[in-house]
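In what follows, a single structure is set out as structure tokens and then discussed.
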Amino acid sequence: MAKQPMLKFVTVERDMPEKRDASARKQDFNEIYAEFAKAKAEEQASRCSQCGVPYCQSHCPLHNNIPDWLRLTATGRLEEAYGISQATNTFPEICGRICPQDRLCEGNCVIEQSGHETVTIGAVEKYITDTAWEEGWVKPIVPAQERPESVGIIGAGPGGLAAADRLRRAGVQVTVYDTHDRAGGLLTYGIPGFKLEKDVVMRRNDQLEQGGVTFRLNCEVGKDISFAEIREAHDAVIIATGVYKSRDLQGPGAGAAGIVKAIDYLTASNRLSFGDTVPEFESGELNAEGKKVVVIGGGDTAMDCVRTAIRQGAESVKCLYRRDRANMPGSQRETKNAEEEGVEFVWLSAPKGFSGNPVSGVMVQKMRLGQPDASGRQSPEVIEGADYVEEADLVIKALGFEPEDLPTLWEQPDLEVTRWGTIKAAFTTGATDMDGVYAVGDIVRGASLVVWAIKDGRDCADAILERFGANAAVAAE
Ligand SMILES: Cc1cc2nc3c(=O)[nH]c(=O)nc-3n(C[C@H](O)[C@H](O)[C@H](O)COP(=O)(O)OP(=O)(O)OC[C@H]3O[C@@H](n4cnc5c(N)ncnc54)[C@H](O)[C@@H]3O)c2cc1C
Ligand code: SF4
């Protein structure tokens with residue numbers, strides 16, 4: 001009888017790829033996890049219990065066929081595993097690195113509920129596609145036939161690029177417009193290299209360009225070209241611009257020098273990783289070296305800022321958040337990584353104002369968690385008389401992002417938005433009320449996740465292919 005290759009969770013413990021020691025990883029912006037060795041990936045994949053109703057799959061936004069690619073990995077059939085993995089995910093090696101797996105696939109792994117730790121789904125997904133790149137299994141985009149229709153995509157983030165990939169594979173003429181000089185959106189200029197190394201993103205950009213996608217970079221729609229011109233030039237348009245308006249701080253001294261936006265800080269740091277000259281870094285404005293840094297916020301952006309400041313050689317790095325650890329929106333994994341690297345978290349604390357110009361301190365109000373509000377979340381309440389000053393000579397605001405007012409900026413009053421300012425678009429297709437205009441990713445969902453942007457981009461591409469009378473299955477080949 002053939003040996004059972006799976007269900008090893010009873011005898012094999014969960015193991016992640018090796019994590020670099022905090023003292024070493026603080027010295028650079030390289031990823032902190034090493035790659036699985038082949039034997040380790042096979043061993044870890046073999047822990048999957050192959051359940052009949054895989055909750056991991058249903059909780060993955062892309063409904064990745066996780067049990068199948070785990071079984072194929074465990075049995076050494078890696079090229080087939082890659083085939084299945086890439087059939088549902090345009091950028092599996094990126095999701096494997098930066099999805100918050102604890103909230104998605106791994107958070108719903110059944111073996112955890114039986115007292116064993118989850119299968120390392122994300123790490124295996126990354127391993128499969130990194131190996132596929134090394135082995136040359138990742139094929140260039142070569143459409144079987146060219147189609148006459150063209151699509152203009154505004155925004156080269158994961159949402160726009162996932163749509164571009166799928167449309168181009170079906171032979172559609174695709175032009176992607178982006179403000180930045182490099183494609184990738186937040187994958188390139190938001191998320192730091194220690195979570196996602198830049199060559200992983202650039203490799204995908206190159207693949208798209210070599211496959212015939214036209215990039216018009218350094219091109220801001222609404223300034224360098226109008227939305228109306230793009231609509232005129234293409235048979236369909238996808239808006240994939242993300243959300244970039246930073247939520248601001250109020251209070252006395254909020255406009256002082258030395259109080260900066262997270263997105264500016266992270267963009268400058270990512271640009272340095274590409275070897276670019278960044279005047280705001282050279283001048284010290286966006287450089288944490290030797291400074292007492294206070295980051296305000298408790299989400300993933302705040303986590304990326306504190307860990308970047310550590311790597312820039314800050315004297316101290318503190319993260320101020322108005323709720324407690326259990327109620328922070330950021331990933332627990334990244335918080336733990338930040339703590340290991342020397343970040344101090346100051347829970348239940350909110351800024352009331354700032355002293356000095358340039359800034360020298362944050363006036364902090366201490367909070368307690370009160371009654372749950374309508375959403376069920378406990379609201380923070382001020383503890384009177386407990387204020388104090390936290391010394392700071394660089395304050396980074398990481399309070400979240402809101403959408404730009406696109407109907408006004410683009411002179412498109414017919415472009416309908418929700419009361420949050422996000423674009424109103426059909427859930428499964430991204431279609432807006434304007435004929436031939438679609439929207440995907442954060443500009444529809446509000447600040448969300450890469451995997452959801454990819455899902456939207458793929459779904460939208462399929463809807464456009466249907467509109468063109470093209471076969472979406474071709475795009476999957
Ligand atoms: C610091 C940070 C860390 C994050 N970490 C994670 C993480 O670990 N895991 C995760 O899943 N998600 C993470 N996210 C969220 C994730 O990055 C986003 O949900 C995702 O990138 C959204 O994709 P998108 O394609 O909708 O938009 P974006 O990635 O924002 O791309 C939009 C693109 O549109 C361009 N653009 C905007 N306006 C115009 C215009 N007028 N003309 C031309 N181009 C324009 C922008 O330049 C940009 O390139 C993080 C976000 C931030 C800010
Ligand atoms: S795409 Fe994200 S949620 Fe889906 S299997 Fe991969 S890591 Fe998990």
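Among all heavy-atom pairs drawn from E112 and E106, the shortest one is OE1-O, 4.2 Å. For the pair A262 and C305, the tightest heavy-atom approach, listed with the atom from each and the gap, is CB-SG, 3.6 Å. Considering every non-hydrogen atom in both P92 and S85, the closest pair reads CB-OG, 3.6 Å. Scanning all heavy atoms of the two residues, the minimum distance from D300 to S331 falls at OD1-N, 3.1 Å. Among all heavy-atom pairs drawn from A338 and V306, the shortest one is CB-CG2, 4.2 Å. When every heavy atom of A463 is checked against every heavy atom of T429, the shortest pair comes out as CB-CB, 3.6 Å.
Remark: side-chain polar atoms of D324 are not paired, donor with acceptor, to backbone N or O of W347 under 3.5 angstrom. No side-chain donor-acceptor contact under 3.5 Å links D264 to the backbone of V260. Using modelled atom types, no side-chain atom of T432 and backbone atom of Y438 make a donor-acceptor pair closer than 3.5 Å. In this structure, the side chain of T422 does not engage the main chain of T418 through any donor-acceptor pair within 3.5 Å. The main-chain N or O of A326 is never found under 3.5 Å from a side-chain atom of Q332 such that the two would form a donor-acceptor pair. A donor-acceptor contact shorter than 3.5 Å is absent between the side chain of Q210 and the backbone of P140. No donor-acceptor pair under 3.5 Å is formed between the side chain of D304 and the backbone N or O of I191. Under a 3.5 Å cut-off, the side chain of S283 and the backbone N or O of E280 do form a donor-acceptor pair. Remark: the backbone N or O of L266 is paired with a side-chain donor or acceptor of N270 at under 3.5 angstrom. For Q173 (side chain) and R147 (main-chain N/O), a donor-acceptor pair under 3.5 Å exists by modelled atom type.
Rounding to the nearest 0.5 angstrom, the gap separating the CG atom in L208 from the CZ atom in F215 is 5.0 Å. Taking OG1 of T188 as the start and CZ of R204 as the end, the distance is 13.5 Å to the nearest 0.5 Å. To the nearest 0.5 Å, the span separating CG on L167 from CG on D462 amounts to 8.5 Å. The structure places CD of Q207 at 11.0 Å from NZ of K139, a figure rounded to the nearest 0.5 Å. Taken from CD1 in I464 to CG in D459, the straight-line distance is 11.5 Å, to the nearest 0.5 Å. Distance check, rounded to the nearest 0.5 Å: OG1 of T179 to CG of N218 gives 9.0 Å.
Take E282 and apply the side-chain hydrogen bond (donor to acceptor under 3.5 Å, both in side chains) test, not counting sequence neighbours, and it matches no residue. Listed by chain and residue number, nothing satisfies the ring pair (Phe, Tyr, Trp, His ring centres under 6.0 Å) test with Y33 (two or more places apart in sequence, or in another chain). Qualifying side-chain hydrogen bond (donor to acceptor under 3.5 Å, both in side chains) partners for R311, counting only residues two or more places apart in sequence or in other chains: E341. Qualifying side chain to side chain contact (heavy atoms under 4.5 Å, CB included) partners for E197, counting only residues two or more places apart in sequence or in other chains: N30, E31, D199, V200. Residues meeting the side-chain hydrogen bond (donor to acceptor under 3.5 Å, both in side chains) test with S379, sequence neighbours left out: none. Among residues two or more places apart in sequence or in another chain, the side-chain hydrogen bond (donor to acceptor under 3.5 Å, both in side chains) test is passed with E135 by none. Every side chain to side chain contact (heavy atoms under 4.5 Å, CB included) that E340 has, sequence neighbours left out, goes to K19, A22, R25, K336, N337.
Looking only at atom types and distance, the side chain of E229 has a donor-acceptor partner in the side chain of S226 under 3.5 Å away. Side chains of S349 and R322: no donor on one and acceptor on the other come within 3.5 Å. With 3.5 Å as the limit, one finds no donor-acceptor pair spanning the side chains of Y265 and E285. In this model, no donor atom of one side chain and acceptor atom of the other lie less than 3.5 Å apart for S448 and D442. With no hydrogens or angles considered, no side-chain donor-acceptor pair links Q412 and R231 at under 3.5 Å.
Judged as a salt bridge (Lys or Arg N to Asp or Glu O under 4.0 Å), the pairs with a partner in residues 211-221 (not counting sequence neighbours) are, in order, E220-K223. Legend: ring-ring contact (aromatic ring centres under 6.0 Å, His included) pairs involving residues 148-182, not counting sequence neighbours, sorted by first then second residue: Y177-H234, H180-Y189. Among residues at least two apart or in separate chains, ring-ring contact (aromatic ring centres under 6.0 Å, His included) pairs with a member in residues 396-421 are F227-W410.
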Under 3.5 Å donor-acceptor pairs involving side-chain atoms of residues 117-124, not counting sequence neighbours:
| from | atom 1 | to | atom 2 | distance (Å) |
| --- | --- | --- | --- | --- |
| T118 | OG1 | R14 | NH1 | 2.5 |

Side-chain polar contacts of residues 235-247 - donor-acceptor pairs under 3.5 angstrom, sequence neighbours left out - could you list them?
| from | atom 1 | to | atom 2 | distance (Å) |
| --- | --- | --- | --- | --- |
| D235 | OD2 | S150 | N | 2.7 |
| R247 | NE | E402 | OE2 | 2.9 |
| R247 | NH1 | L399 | O | 3.2 |

Can you list the steps and then say if E125 with N64 is a side chain to side chain donor-acceptor pair (under 3.5 Å)? CA-CA 10 Å; E125 188 178 27; N64 282 343; 3.0 Å; yes
For L286 and V278, what are the C-alpha separation, side-chain angles and deciding distance, and is it a side chain to side chain contact (heavy atoms under 4.5 Å, CB included)? CA-CA 9 Å; L286 297 176; V278 184; 5.6 Å; no
Show the numbers, then the answer: is there a side chain to side chain contact (heavy atoms under 4.5 Å, CB included) between I32 and R307? CA-CA 12 Å; I32 70 167; R307 298 177 68 200; 3.7 Å; yes
Trace of the salt bridge (Lys or Arg N to Asp or Glu O under 4.0 Å) decision for R203 with D206: CA-CA 5 Å; R203 184 169 66 182; D206 292 346; over 6 Å; no
Decide yes or no on side chain to side chain contact (heavy atoms under 4.5 Å, CB included) for R271 and D181, but give the supporting numbers first. CA-CA 10 Å; R271 281 199 174 283; D181 55 347; 3.2 Å; yes
Stepwise, does the side chain to side chain donor-acceptor pair (under 3.5 Å) test hold for W133 with E93? CA-CA 10 Å; W133 276 103; E93 73 282 25; 3.2 Å; yes
Chi angles and distances behind the side chain to side chain contact (heavy atoms under 4.5 Å, CB included) call for F36, E18: CA-CA 8 Å; F36 269 143; E18 199 182 322; over 6 Å; no
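Enclosure of atom NZ in K198 by more than 12 non-hydrogen atoms of other residues, nucleotides or ligands within 6.0 angstrom is indicated. The 12-atom threshold is exceeded at CD of E146, counting heavy atoms of other residues, nucleotides or ligands nearer than 6.0 Å. Residue E411 places its CD atom among 12 or fewer non-hydrogen atoms of other residues, nucleotides or ligands, all under 6.0 Å distant.
Taking the centre and axis of the six-membered ring of F274, the NZ or CZ atom of R182 falls inside the cone set by 45° and 6.0 Å.
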